[in-house]
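The next block holds one structure in the form of structure tokens; read it before the comments.
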Amino acid sequence: MCIRDRLREARARAVSERETESGADKMANMVKEGEEQVQKMEGLKAERDLFAGEAARMRKELEESEEERERVKQESDGTKREMAALKQEMAALKQQSRELEDNARAREEAATRARDQCEICLLYTSD
């Protein structure tokens, strides 16, 4: 083998070694970027889990508030029914009061007429 061939081989090996080193650097950078992406993904996963927990808590609060709203609505409906029954009872009592007043007035008028007739009878009989 001649010197020129040896030089060519040495140059080829040097170029090959530089390409290998460059490839290794690129590979190391890719690995580093990959690790950074993994860390970023883990952070996003933790954030997602946090939001999922918050969403579950909010759903539970919403469900409880809906149950409370339904309970209050039922109480309100019950109160409305009671009020309607009391209004009817009050109307009946007013009607009964009017009837009693009318009866009392009628008795008073009858008593007045009877007294007047008695006075008339007494006038005629005393003559």
Side-chain angles (χ1 to χ4, degrees):
M1 214 172 178
C2 75
I3 293 179
R4 283 187 182 163
D5 290 337
R6 285 185 189 171
L7 281 173
R8 279 187 205 136
E9 285 180 20
R11 282 185 195 143
R13 272 195 308 252
V15 168
S16 176
E17 287 174 7
R18 276 183 283 189
E19 288 175 355
T20 301
E21 287 175 8
S22 174
D25 289 343
K26 287 180 183 177
M27 193 64 113
N29 285 336
M30 289 174 66
V31 167
K32 184 178 175 184
E33 288 175 6
E35 289 173 349
E36 289 172 355
Q37 289 294 324
V38 167
Q39 288 177 348
K40 190 175 182 181
M41 296 280 278
E42 287 173 351
L44 291 173
K45 183 179 176 187
E47 192 174 329
R48 182 199 68 202
D49 293 344
L50 179 67
F51 285 136
E54 184 69 14
R57 184 188 64 77
M58 291 174 89
R59 277 192 299 275
K60 184 177 179 183
E61 286 179 3
L62 177 63
E63 184 178 301
E64 289 171 354
S65 80
E66 286 175 350
E67 290 171 356
E68 178 68 13
R69 184 181 63 81
E70 184 61 31
R71 185 187 63 76
V72 168
K73 183 181 180 290
Q74 288 176 355
E75 285 179 10
S76 174
D77 290 347
T79 303
K80 286 178 184 176
R81 284 190 295 274
E82 288 176 19
M83 287 291 287
L86 288 172
K87 282 181 181 179
Q88 288 177 344
E89 187 177 335
M90 198 164 174
L93 288 172
K94 283 182 180 178
Q95 179 63 32
Q96 191 177 20
S97 174
R98 275 189 234 113
E99 289 172 0
L100 289 172
E101 287 174 359
D102 290 346
N103 287 344
R105 208 175 300 111
R107 285 184 187 152
E108 193 176 310
E109 289 173 0
T112 302
R113 279 195 304 273
R115 205 172 329 128
D116 289 346
Q117 285 180 352
C118 282
E119 287 177 4
I120 293 172
C121 288
L122 286 175
L123 286 174
Y124 284 121
T125 54
S126 56
D127 285 338

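Here the structure is a predicted model, which means the values were calculated and not measured. Values below: every heavy atom of this structure, side chains too, minus hydrogens, waters and symmetry copies.
- Gln74 CD to Arg69 CZ: the interatomic distance, rounded to the nearest 0.5 Å, is 10.5 Å.
- For Lys94, the side-chain contact (heavy atoms from CB on, under 4.5 Å) criterion is met by Met90, Arg98, not counting sequence neighbours.
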Item checked: Glu66 and Leu62: CA distance, side-chain angles, deciding distance, side-chain contact (heavy atoms from CB on, under 4.5 Å) verdict -> CA-CA 6 Å; Glu66 286 175 350; Leu62 177 63; 3.8 Å; yes
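- Residues satisfying the side-chain contact (heavy atoms from CB on, under 4.5 Å) criterion with Leu86, sequence neighbours excluded, are Glu89.
- For the atom pair Lys87 NZ and Lys80 NZ, the distance stands at 11.0 Å (nearest 0.5 Å).
- The stretch residues 99-116 participates, sequence neighbours left out, in these side-chain hydrogen bond (donor to acceptor under 3.5 Å, both in side chains) pairs: Gln95-Glu99, Asp102-Arg105.
- Within the structure, side-chain hydrogen bond (donor to acceptor under 3.5 Å, both in side chains) pairs that include any residue of residues 45-56 comprise Glu54-Arg57 (at least two apart or interchain).
- When the side-chain contact (heavy atoms from CB on, under 4.5 Å) test is applied to Glu64, the partners found at least two apart in sequence or on another chain are Lys60.
- Residues satisfying the side-chain hydrogen bond (donor to acceptor under 3.5 Å, both in side chains) test with Glu75, not counting sequence neighbours, are Arg71.
- Going from atom CD of Glu68 over to atom CD of Glu70 covers 11.0 Å, rounded to the nearest 0.5 Å.
- Contact of the Lys32 side chain with the Glu36 side chain is registered, since non-hydrogen atoms from C-beta on lie closer than 4.5 Å.
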